[in-house]
Every structure is written in structure tokens, then in C-alpha cells.
Amino acid sequence: MLFKKEKKSATEDQPRGEIVEEPYEYPLKGLTPSGLEEPSEENFPKYQQVLDHFKNEDLKLPITEKYKEGDETRSLTTDEKAWLTKECILRYCRACNWNVTDTITRLENSISWRREFGISGGEFQTLKQQLVAPENETGKQLIFGFDRECRPCLFLFSGKQNTKPSFRQIQHLIFMLEMTIWFMPRGQDKLALCVDFKNYPELSAKSFPSVSVGKQVLHILQYHYPERLGRALFVNIPWYAWAFLKICYPFVDPYTKQKCAFDEPFAKFIPEEQLDFIHGGEVNFKYDHEKYWPEMLAIGEKKMKNYMKNFEKLGGTVGLSEYELRSEDE
């Protein structure tokens with residue numbers, strides 16, 4: 001039987017080695033990112049049309065997603081131009097099946113949504129870490145390690161839910177998703193989502209998100225983060241979680257479904273050297289909010305500043321390469 005669990009001795013049932021309390025900044029040495037996709041010769045002119053649209057200095061976009069005639073509009077900010085990379089445009093092109101009009105509309109809608117949600121940088125960066133930090137005091141979401149293709153891993157522990165359902169829970173998830181993107185190494189533009197429902201007595205059907213919230217999150221992820229998901233792993237799924245997933249699964253697009261794996265060992269996809277012992281790895285990880293959270297923020301801040309430094313150095317315009325933007329001084 002594949003991945004048969006061998007019986008462990010008493011000492012093997014306990015994690016060994018020094019306790020790790022902070023996230024890993026880089027993938028394991030020797031691993032190679034899966035790479036960034038280039039447009040075909042046939043599709044390149046379509047990409048160029050989208051790029052030219054957003055290079056127009058006269059372009060102004062709404063500051064809210066639900067735009068009405070007469071509402072306020074603004075030009076692209078420096079942070080938004082840095083977000084509109086070559087690869088960003090290509091991700092949206094592929095998600096829209098290379099329909100230029102649909103791609104432009106979707107990108108404009110995403111920029112307006114990012115402004116309204118508070119994650120578009122500068123004056124539009126109103127979603128602060130202080131707001132969502134209480135949501136993570138139990139370590140219910142973690143950026144920890146990289147998979148075998150150098151995707152940063154975002155872990156969700158539903159059984160560590162410490163707050164009542166609220167919009168702040170969605171803000172917390174998006175904050176962590178944005179932070180995970182900053183952790184991406186050069187040559188990688190996707191993440192691995194790892195969801196664990198394991199062994200927490202306080203977990204019950206009552207603490208599970210509603211179907212409406214699930215659909216709202218799915219819409220955000222699929223519409224505003226196209227092709228960001230490289231892999232989605234779900235383990236230790238109880239019956240009520242299966243029921244929830246079955247209700248929401250029809251709303252998942254076919255391309256994303258291909259990336260999902262259910263109840264397969266995390267160690268099949270993530271090196272044991274960067275995987276917690278509880279998931280079959282070698283790492284003796286312990287979540288201490290006062291140590292993990294500041295270090296996660298510091299790593300993200302460091303990578304963001306490096307990215308923006310490269311952005312200015314490369315010309316500070318729309319359509320720059322993420323491969324070059326994520327370059328770090330040796």
C-alpha cells in the first residue's frame with residue numbers, strides 16, 4: 001500500500017531536535033521552482049494589448065468594486081503598477097482564455113476590489129496587521145515551509161478557530177494570502193494551500209464557516225487570485241467538513257479542482273526537513289504567537305522592500321518581470 005504508515009517506537013512518536021518557532025524564509029536547498037509560464041507566439045499580441053491598456057497614463061479606475069457613474073476614480077499608484085507585472089497580466093489572460101476585453105475588465109475589477117479591501121498599497125493599504133493579529137493567536141493559519149516545487153505553504157487549521165464568524169476572518173485569510181505571495185522565491189508565482197482538520201476537541205459543525213461565507217471566499221480566490229494556487233491539500237477530513245466541501249465544490253472551477261488532493265500525506269508534496277512532525281515531517285515546530293508573528297511580518301517586509309527596490313531600479317512601470325523583481329543580492 002502506497003504511503004503505508006510504519007509502526008513507530010515510543011521515542012519516534014515524539015518530535016526530536018531543537019524547537020522551531022519561526023517560519024522558513026527560503027525553500028530547501030537543491031529544489032528548483034516550477035518556473036514562470038511564457039505566452040505562446042499566437043497569444044503574445046493579446047498580452048501586449050492588455051499591457052498597453054494599463055500603460056496608458058490617463059487611465060483612472062474606481063476606488064470601490066461596485067462602481068456607479070460619477071463615483072471617484074484614481075490613477076494607478078506606484079504599488080499598483082508594481083502589482084501589474086508581466087506574470088500578473090498573463091495569469092489573468094489565461095484565466096480569461098485570452099479574451100482581451102474580459103482580461104482588462106477583470107484586472108480593473110481586481111484593482112478596484114484591492115483598493116476597497118485595503119490591500120492595494122499606499123493610501124489604499126488600510127488592512128493592517130494589528131487588525132488581524134488577534135485572529136492568529138492560536139496559530140490557525142501558518143506560512144511554514146515550501147513544497148517540492150518551491151511553493152510557499154499556507155497552512156489552515158480549522159480546529160484552532162479562536163474567534164466567532166466575522167468579516168475579520170476573511171480579512172485575516174486575505175492578509176495571510178498576500179503575505180504568502182511575498183514569501184514566493186524567484187521563479188515561482190504559486191502557493192500550496194494545506195488544510196488540516198485534525199484532532200482539536202473544540203472543532204464542531206457549529207464552528208464551521210457558513211456556505212455563504214465559503215462561496216464568498218471562493219469567489220475572491222478564483223476571481224481576484226487567478227492561477228495563484230499551485231496545489232491544495234486537505235487532510236483529516238471529518239464528515240461535516242466533507243459535507244461542507246461537497247456543497248462548495250461545485251463552485252470550484254475545473255482547473256482548480258485538478259490541483260486538489262484529499263487525505264494524501266503532506267510529506268508526499270513537502271520535504272520532511274521543512275514539515276512539522278505532526279504531518280510526518282522532521283521539524284519540531286511549536287507555535288508561539290509572540291515569536292512567530294513578528295518574524296513572519298519581518299520576512300514579508302524585507303521581501304516587499306527588496307521587490308520595490310528592484311521595481312524602481314527596473315524603471316517603475318507596468319509589465320516588469322516577477323523573476324527580476326524577486327531577485328535578491330547574493
Determine whether [X] and [Y] make a side-chain contact, defined as any pair of heavy atoms from C-beta on separated by less than 4.5 Å.
X: E282; Y: L275; value: no
X: F277; Y: V283; value: no
X: L193; Y: L233; value: no
X: L325; Y: T85; value: yes
X: S166; Y: E135; value: yes
X: I111; Y: W83; value: yes

For [Y], does its backbone N or O pair with a side-chain atom of [X] as donor and acceptor, under 3.5 Å?
X: Q274; Y: Y26; answer: yes
X: N99; Y: D102; answer: yes
X: E22; Y: M296; answer: no
X: Y92; Y: H224; answer: yes
X: Q141; Y: I143; answer: no
X: E295; Y: P23; answer: no
X: R228; Y: D189; answer: yes
X: Y307; Y: A82; answer: yes
X: K140; Y: E137; answer: no
X: N306; Y: S327; answer: yes

If every non-hydrogen atom of [X] is compared with every non-hydrogen atom of [Y], which pair is closest and at what distance?
X: F117; Y: T126; value: O-OG1, 4.4 Å
X: C93; Y: V50; value: SG-CG2, 4.2 Å
X: R231; Y: R151; value: NH1-NH1, 3.1 Å
X: G121; Y: Q125; value: N-OE1, 3.0 Å
X: M184; Y: P152; value: CG-CG, 3.7 Å
X: N162; Y: P134; value: ND2-O, 3.0 Å

*asked:* Using the rule that Ile, Leu, Val, Met, Phe, Trp and Tyr join whenever any side-chain heavy atoms are under 4.5 Å apart, tell me whether L297 and M304 fall into a single cluster.
replied: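 No, because L297 and M304 fall into different hydrophobic clusters, even though each may have its own neighbours under 4.5 Å.
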
*Same cluster for F144 and I181 if Ile/Leu/Val/Met/Phe/Trp/Tyr side chains link at under 4.5 Å?*
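Yes; I181 is reachable from F144 via cluster members.
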
May I ask you to decide whether [X] forms a salt bridge with [Y], counting only side-chain N to carboxylate O separations under 4.0 Å?
X: R74; Y: E72; answer: yes
X: R91; Y: E87; answer: no
X: K190; Y: E149; answer: no
X: E328; Y: K309; answer: no

*Validation row, ring centre Y223 to ring centre W113 under 6.0 Å*: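 No; W113 has its ring centre 6.0 Å or more from that of Y223.
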
*side chain to side chain contact (heavy atoms under 4.5 Å, CB included) assessment of E116 paired with I63*: CA-CA 6 Å; E116 184 175 10; I63 62 173; over 6 Å; no

*F269 six-ring centre to R148 NZ/CZ under 6.0 Å and within 45° of normal*: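 Judged by the rule, R148 and F269 form no cation-pi pair.
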
Could you check whether the rings of [X] and [Y] sit parallel, tilted or perpendicular, using 30° and 60° as the cut-offs?
X: F155; Y: F266; value: perpendicular
X: Y292; Y: F285; value: perpendicular
X: F262; Y: F234; value: parallel

*In this structure, are over 12 heavy atoms from other groups packed under 6.0 Å from Q130 atom CD?*
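More than 12 within 6.0 Å, yes.
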
*asked:* The test is side chain to side chain contact (heavy atoms under 4.5 Å, CB included); show your working for D79 and M308 and say whether it passes.
replied: CA-CA 8 Å; D79 292 273; M308 294 306 295; 4.2 Å; yes

*Step by step, work out the side chain to side chain contact (heavy atoms under 4.5 Å, CB included) result for K286 and K291.*
CA-CA 10 Å; K286 176 184 176 184; K291 294 181 180 179; over 6 Å; no

*From CA spacing to verdict: side chain to side chain contact (heavy atoms under 4.5 Å, CB included), E80, R115*: CA-CA 9 Å; E80 289 166 344; R115 290 174 171 183; 2.7 Å; yes

